[in-house]
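Have a look at the structure below, then the notes.
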Amino acid sequence: MRDAFYITTPIYYVNARPHLGHAYTTIVADVARRFNAMQQKQTYFLTGTDEHGDKIVRAAKKENLSPRAYVDQISRLYQELWPELKISNDQFIRTTDAAHMAVVEQILQKIYDNGDIYFSEYEGLYCFGCERFYTERELVDGKCPDHQTEPEKIKESNYFFKMSRYQQWLIDHINTNPDFIRPERYRNEVLAFLREPLEDLCISRPKSRLKWGISLPFDNNYVTYVWFDALINYLSALGWPDDEKYQKFWPAVQHVVAKDILKPHGIYWPIMLKAAGIPIYNHLNVHGYWNVDDSKMSKSIGNVVDPLNMKNVFGLDAFRFFLMRDMVFGLDSSFNQQALVQRTNADLANDLGNLLSRVITMTHKYFDGVVPQVGDRVEEEFSLGLEQEALNAISMFEKEMANFVFHKALMAVWEFIGKMNKYIDVTTPWELAKQKNTRKQLEAVIYNLLEGLRVISGLIYPVMPDTAQKMQKHLGLEPDDTFYLLGHLRNWKQLAPGTKLPKSISLFPRIDPEKLAMPKAQAPAKGPKTPFKPEITLEDFSKVDLRVGTVLKAEAVPRAKKLLKLEVDVGEIRTIVAGISNSYAPDELVGKQVIVVANLKPAKLMGVLSKGMLLAAVDDQGHHIATLDKPPARQGTILS
Ligand code: MSP
């Protein structure tokens, strides 16, 4: 029986559109799947969307949609994106699928029956953004490390999962399976966490607070905590417990996640499996975060990278290659378009593209585009160890890919590309072509080069499937699914002499960084009346100290037509004069949270010293004060 390989991505929350980060993880999983298929394993690839919980209900409300309509809409965006990025998933799971929900109920019941779930009252610090309780120890300066907000103290009766019972078992499991969590830094992070006593996990939410979820099978007044629901997708997708797929692919599973969700995957999930009596997954592969131009990707900064845009501007394979080549799996990386252009021009247009076009052009020039015959004796004389170099590249590639060290796997391929170029320089086919008596040598050299290209076309297949196929066609191979099998790649002399090759094309045209055809932003139907100001850098922008403040008092400034004098708490009390009395009565403002430019040079207006300025939009209808989407926030909170 062929070995089984099951790969998963996180199931993405449907409260945001897919971006670079989601695309990266899913491309990693796709590359790993394709690589394992090269090793002739039987593969299964799962991705999907995580659709329950408070976060989703709030996002739906904001869009004025029912949760059901909302999740359908965003989940579709993911389902439509993946084929565009050549993601070869076998299944797309949604946690609102009836089959998934049934499995969650079964597993909950199983763990409950085993005595690992108990009912208790709990008072704790709850972060609404994360939908979970935090311990004091986990907070940074009293705030949720992800949302930078102070969690609220709430008291509830809930169901708890006895994780503490399995703490020592998990430590032992990690110690006896050193690559259970990889790279090592994340394994160490989990072990460090396990040095402190594990708290039991609250796995329910009362329906009085949240209805959008899976009811607990043993208490209909509660829904399941969204992480307990979501993690089970990895099993429900296979039709646990009886389906053939489950029998075949579990536990040969490799999860791929980023560091943000290490804890649920590295701690909750193995313990859940253990408590349910299900074998533990094989590996958890954890990668770092993509920042953009060295800043965190965020909607508010406006630097969120849309993967479809990247595909349209740079081409899919260049985009996929850049992601896999530039990020060291496990570490953070910075995305920027200049780096992408440089990589494409140097590695793809120059190294790979030129090599292909050079060799195909010579085949046309010296052999009318026909793969030459090779004789044994001269061939040896002129092989100069190229076949061995190819085998070395394949072995190195295989080792690094298997360990998720993608950048090194690609480096091994590019080292071989370098060896191919050197082979041309040393054998000088153009000199061999000048003399009649070196015809046999010329045949051997061109044949070897074509073989080398065949190996390269196979090795790039997982990362650049389209380019691999294009190269294959240029080598006169019929498109078929076996050309990339590692077993075939290891056998030299697969190309059939006499095959006529198509004329060379350019695989990757060079991109002129000056002429980057970035898609123009869609102009709104009614554009802004005032033209946009000149560009500034993030550094310029960070000089502006924007703070959240609450208006404590407001009164008209005597004799002034439009001015109101406000007292605003921005962590300290400031007097601010604002020209908004045509649009706001003083009473309307008291208690409102506003956004204050806190480091504006103080100025006297009608005799009152104003220390700051409120942000407001002004149009034909007057002023509209900028405020917070979700007040209250702490006074003095910095906006970024
Ligand atoms: N729904 C949970 C996962 C449940 S899995 C049982 C969730 N969803 S998410 O939409 O927030 O996705 C988080 C994942 O998206 C990260 O773990 C990572 O795979 C990917 N990324 C999101 N932003 C990212 C970056 N900036 N960089 C790299 N990957 C990131 O958490």
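Order of appearance sets the numbers: ligands from 1, and atoms from 1 within every ligand.
Geometrically, Arg209 engages Tyr126 in a cation-pi contact defined by less than 6.0 Å to the ring centre and at most 45° from the axis. Taking the ring centre of Tyr13 as origin, the terminal cationic atom of Lys55 falls inside the region bounded by 6.0 Å and 45° from the ring axis.
With sequence neighbours excluded, the residues forming a side-chain contact (heavy atoms from CB on, under 4.5 Å) with Glu105 are Ile214, Pro217, listed by chain and number. Partners of Asp179 under the salt bridge (Lys or Arg N to Asp or Glu O under 4.0 Å) rule, at least two apart in sequence or in another chain, do not exist in this structure.
Looking at atom 3 (C) of ligand 1, its nearest protein heavy atom turns out to be Ile11 O, 3.2 Å. Given atom 12 (O) of ligand 1, the protein heavy atom at minimum distance is Tyr12 CD2, 3.6 Å. Given atom 15 (O) of ligand 1, the protein heavy atom at minimum distance is His22 CD2, 3.5 Å. Ranking protein heavy atoms by distance to atom 21 (N) of ligand 1, first place goes to Gly21 C, 3.7 Å. Taking atom 31 (O) of ligand 1 as the reference point, the nearest protein heavy-atom neighbour is Ile261 CG2, 3.5 Å. Looking only at heavy atoms of the protein, atom 13 (C) of ligand 1 is closest to Asp260 OD2, 3.5 Å.
Each of the atoms 6 (C) of ligand 1 lies under 4.0 Å from some heavy atom of Ala230. Atoms of ligand 1 found under 4.0 Å from any heavy atom of Asp50 (numbered from 1 in listed order, with element): 1 (N), 2 (C), 4 (C).
The proximity of His265 to ligand 1, defined as any non-hydrogen pair under 4.0 Å, is limited to the side chain.
In this structure, the side chain of Glu150 does not engage the main chain of Arg634 through any donor-acceptor pair within 3.5 Å.
The residue from Trp290, Tyr268, Tyr13 that puts a heavy atom closest to atom 27 (N) of ligand 1 is Trp290. The closest non-hydrogen atom to atom 19 (O) of ligand 1, taken over Val304, Thr25, Leu323, Asp146, comes from Thr25. Here atom 22 (C) of ligand 1 lies nearest to His19 when heavy atoms of Met327, Met297, His52, His19 are compared.
Note: no N/O pair closer than 3.5 Å links Trp227 and ligand 1 by distance alone. Here's the thing with Ala258: one of its N/O atoms is less than 3.5 angstrom from an N/O atom of ligand 1.
Between Lys86 and Asp30 there is no salt bridge, since no side-chain N of the basic residue sits under 4.0 Å from a carboxylate O of the acidic one. The existence of a salt bridge linking Asp332 and Lys296 is excluded, since no basic side-chain nitrogen approaches an acidic carboxylate oxygen closer than 4.0 Å. One finds no salt bridge joining Asp306 and Arg17 here, because no Lys/Arg side-chain nitrogen approaches an Asp/Glu carboxylate oxygen to under 4.0 Å.
The closest approach between any non-hydrogen atom of Tyr24 and ligand 1 is not below 4.0 Å. The shell of residues lying under 4.0 angstrom from ligand 1, judged by heavy atoms, includes Tyr234. Ligand 1 has His287 within reach: a non-hydrogen atom of the residue lies less than 4.0 Å from it. Distances from ligand 1 to the non-hydrogen atoms of Gly288 include at least one value under 4.0 Å.
Phe321 and Trp414 have tilted rings, their planes meeting at an angle from 30° to 60° on a 0 to 90° scale. Ring geometry, Phe160 versus Tyr122: the interplanar angle falls from 30° to 60°, so the pair is classed tilted.
For Tyr112 and Phe218, the gap between ring centers is short of 6.0 Å.
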